[in-house]
Amino acid sequence: MSKSTHTVIDRTKFIGVLPSKADGQASEMAHAEEILRIAGNLMRALEYNPPPFPHDPALHNAVIDELRSWNIGKAADGFFKCVDVGVAAAKLFYPAHEFELKIIIALCTAAMKWMDNIADEILQPLVQFQSRFHAHKPQLHPVLDCYATFLLRLYDHYEPYVADQMVVSCVTFMFGSCIEVRSLSKNMKQSTDAILWPYYVRSLSG
């Protein structure tokens, strides 16, 4: 396993708010109150009631045990904070799946949340993940190194066609997160011909 040797980003060159500094909030908060008001009115008009947040102590403990088995110390601290989201997604959207598969789904979902939170801090490891994954080279961040191996468990539960697409989806999410950070560094005027921007990048990163 390689040591984390990624490049430090010069934050003064970025516009907007980088993911690691957003603290879970939208990067552009100039119209936050108005957006919340509109969203609130929409939810009330739809008479929407959110489902209860699912809890599964056994699944939660199993995911925590898996993370601890990676034995990468403090490098996984931020990841642990995302486990609840992964467990909730696995429990809510895949209730009939076998327990071992729920662990994989929960951990992969938590991984995406973790990457989204700190994409700017691990940009180079994320950018190089796919090439190093295909070349069977160690990743540039301890978490990503373990995650690359963990992804292969999908092939134990799905036929290659399906597992391939799931791995591609995970890598595409990383790519989208990198493009989002890159876009913050390019203070360019949007062309009227770029009709799919920024929706294209949002479709990649969720």
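No hydrogens, no waters, no symmetry mates; every other heavy atom, side chains included, goes into these values. This is a predicted model, so every value here is computed, not measured.
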Worksheet item: If you group Ile, Leu, Val, Met, Phe, Trp and Tyr whenever their side-chain heavy atoms sit less than 4.5 Å apart, what else falls in with L46?
Response: L42, M43, Y48
Side chain to side chain contact (heavy atoms under 4.5 Å, CB included) against [X], all qualifying residues, sequence neighbours excluded:
| X | value |
| --- | --- |
| N41 | R37, R44 |
| V162 | Y158, E159, M166 |
| C170 | M112, Y147, L151 |

Nearest 0.5 angstrom please: [X] [atom1] to [Y] [atom2], how far?
| X | Y | atom1 | atom2 | answer |
| --- | --- | --- | --- | --- |
| N61 | R68 | CG | CZ | 8.5 Å |
| M115 | F173 | CE | CZ | 7.5 Å |
| F80 | I64 | CZ | CD1 | 5.0 Å |
| I72 | L67 | CD1 | CG | 7.5 Å |
| D116 | S177 | CG | OG | 5.0 Å |
| S69 | F150 | OG | CZ | 8.5 Å |

Discussion item. Walk me through whether E33 and L36 qualify under side chain to side chain contact (heavy atoms under 4.5 Å, CB included).
Written reply: CA-CA 5 Å; E33 292 187 6; L36 288 174; 5.7 Å; no
Discussion item. So, using ring-ring contact (aromatic ring centres under 6.0 Å, His included) as the criterion, who are the partners of F133 when residues are at least two apart?
Written reply: F129
Practice prompt. Would you please indicate if the ring centroids of W114 and H141 are separated by under 6.0 Å?
Written response: yes
Fill in: Minimal non-hydrogen separation, V143 against W70, with atom names
O-CZ3, 4.0 Å
Item to complete: Write down the atom of L107, the atom of F79, and the distance for their closest heavy-atom approach.
Response: O-CZ, 3.6 Å
Worksheet item: Considering the options D145, L140, L144, which one meets the side-chain contact (heavy atoms from CB on, under 4.5 Å) requirement together with R132?
Response: L140
Practice prompt. Begin from the C-alpha positions of F175 and L126 and carry the test side chain to side chain contact (heavy atoms under 4.5 Å, CB included) through to its verdict.
Written response: CA-CA 7 Å; F175 170 74; L126 285 178; over 6 Å; no
Discussion item. Is there a continuous path of hydrophobic side-chain contacts, each under 4.5 Å between heavy atoms, that joins V168 to M174?
Written reply: no
Without placing hydrogens or testing angles, list every side-chain donor-acceptor pair under 3.5 Å for residues 83-106, not counting sequence neighbours.
unit_1	atom_1	unit_2	atom_2	d
D84	OD1	H60	NE2	3.1
K102	NZ	P95	O	3.0

